[in-house]
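Note that the numbering runs from 1 along the sequence shown for the chain. Keep in mind that what you see is a predicted model, and the values were worked out from it rather than measured.
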Amino acid sequence: MIFVTVGSQKFQFDRLVRAVDALVASGVAGDGAFAQTGACTYIPEYLEHEAFLDRDSFRVHMDACDVVVTHGGTGAIIGAVKDNKKVIAVPRLAKYGEHVDDHQIEIVRQFGDMGLIEPCMDPTDLPAAYARVLTKDYLPYKSNAARFCADLSDYIDGVGGVR
C-alpha cells in the first residue's frame with residue numbers, strides 16, 4: 001500500500017496527488033493508496049483521501065503502508081525513513097505555487113545521495129520511481145543528534161572559557 005502525504009502547509013501539491021492518482025488508476029499500485037492531500041485543489045478519483053489527518057490517523061496509515069510518497073520536507077522524509085518505510089520524495093516547486101522557493105530540490109537530492117530514499121524530481125516520473133523503490137534496498141536512517149549535542153556542548157564550554 002502507498003501512503004501519500006503532502007504536509008499541512010497552505011500550499012497545494014496537485015501535481016503529486018494527480019500523479020499518484022494516475023498510478024493507482026493504472027493498476028500498478030495493486031494494494032491501493034491513501035493520500036493526505038492538505039491544501040490540494042485536485043480531487044483524486046482513484047485513491048482514498050482526506051485533506052488533514054490527526055496524529056492517530058496519520059500513524060494508522062503510516063503503519064499500514066509499504067511505500068511513502070511525500071513532498072520534499074525534511075520532517076516528512078525523516079519520519080518515514082525512521083519508520084523503515086521505502087520513500088519516494090518529490091520536491092515542491094515555487095513556479096507551480098507549491099512553495100515559496102525551491103529548497104526542497106536540494107533536500108530530496110541530499111537524501112537520495114545518502115541512499116535513504118528514492119528521489120523523484122518530477123511527478124511525471126513517478127511510475128519509474130515506484131518501480132525502482134519496490135526492488136531497491138535503502139540505507140537505514142541514523143540520527144546524528146547525540147553527536148550534534150556533544151559538539152554543541154563542547155562549543156558552549158569553549159566559549160564560556162570552561163574546559
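- You'll find the side chain of M121 reaches within 4.5 Å of the side chain of P91, heavy atoms only.
- For the residue pair Q36/T5, the side-chain donor-acceptor check at 3.5 Å is satisfied.
- A continuous path of ILVMFWY side-chain contacts below 4.5 Å connects Y96 to I107, so both sit in one hydrophobic cluster.
- In summary, the aromatic rings of H61 and F3 are positioned with their centroids under 6.0 Å apart.
- Residues meeting the salt bridge (charged side-chain N to carboxylate O under 4.0 Å, His left out) test with D122, sequence neighbours left out: none.
- Taking each heavy atom of V17 and P44 in turn, the nearest pair found is CG1-CG, 3.6 Å.
- Put simply, the residue from R15, R92, Q9 that forms a side-chain hydrogen bond (donor to acceptor under 3.5 Å, both in side chains) with E98 is R15.
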For this session: Decide side chain to side chain contact (heavy atoms under 4.5 Å, CB included) for V81 and Y138; before the verdict, give the C-alpha distance in whole Å, the side-chain angles of both, and the deciding distance to 0.1 Å.
Result: CA-CA 9 Å; V81 296; Y138 297 89; over 6 Å; no

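- Between the Q104 side chain and the H99 main chain, no donor and acceptor come within less than 3.5 Å of each other.
- The CG atom of L53 sits 10.0 Å away from the CE atom of M62 when rounded to the nearest 0.5 Å.
- With no hydrogens or angles considered, a side-chain donor-acceptor pair links Y42 and D21 at under 3.5 Å.
- Using a 4.5 Å heavy-atom cutoff, the side chains of F111 and P119 are not in contact.
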For this session: Given side chain to side chain contact (heavy atoms under 4.5 Å, CB included), test V4 with T70 step by step and report yes or no.
Result: CA-CA 6 Å; V4 181; T70 187; over 6 Å; no

Exercise. Could you walk me through whether I2 and D66 pass the side chain to side chain contact (heavy atoms under 4.5 Å, CB included) check?
Worked result: CA-CA 6 Å; I2 299 171; D66 302 310; over 6 Å; no

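- Residues K86 and E118 are not paired through a salt bridge, judged by the lack of any N-O separation under 4.0 Å between the basic side chain and the carboxylate.
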For this session: Would you check, one step at a time, whether the test side chain to side chain contact (heavy atoms under 4.5 Å, CB included) holds for T37 with Q12?
Result: CA-CA 8 Å; T37 58; Q12 56 77 25; over 6 Å; no

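- Surrounding NZ of K95 are at most 12 heavy atoms belonging to other residues, nucleotides or ligands under 6.0 Å away.
- Closest of all the heavy-atom pairs between A29 and V24 is CB-CG2, 4.2 Å.
- Atom SG of residue C40 and atom CZ of residue R18 lie 9.5 Å apart, to the nearest 0.5 angstrom.
- Within 6.0 Å of OH on Y46 lie no more than 12 heavy atoms contributed by other residues, nucleotides or ligands.
- Residues I88 and C120 come closest through the heavy atom pair CG2-CB, 3.7 Å.
- Contact annotation: the side chain of L23 approaches that of P127 to within less than 4.5 Å [non-hydrogen atoms, C-beta and beyond].
- Under the 4.5 Å side-chain heavy-atom criterion for grouping Ile, Leu, Val, Met, Phe, Trp and Tyr, V60 is not connected to F34 through any hydrophobic cluster.
- I105 is connected to V108 through a chain of hydrophobic side-chain contacts under 4.5 Å among Ile, Leu, Val, Met, Phe, Trp and Tyr, so both are in one cluster.
- Interatomic distance, CG of D63 versus CZ of F58, reported as 10.5 Å (0.5 Å rounding).
- Residues V90 and L134 share a single hydrophobic cluster, defined by chaining ILVMFWY side chains whose heavy atoms lie under 4.5 Å apart.
- Remark: R59 engages D83 in a salt bridge, criterion side-chain N to carboxylate O under 4.0 Å.
- Minimum heavy-atom separation, A89 to I117: CB-CD1, 3.6 Å.
- A donor-acceptor pair under 3.5 Å is absent between the side-chain atoms of S57 and the main chain of D54, judged by distance alone.
- You'll find the side chain of C65 reaches within 4.5 Å of the side chain of K85, heavy atoms only.
- The distance from the CG atom of L126 to the CG atom of L16 is 7.0 Å, given to the nearest 0.5 Å.
- Rounded to the nearest 0.5 angstrom, C149 SG and I156 CD1 are separated by 9.5 Å.
- Linking Ile, Leu, Val, Met, Phe, Trp and Tyr residues whenever their side-chain heavy atoms come within less than 4.5 Å places V87 and L139 in a single cluster.
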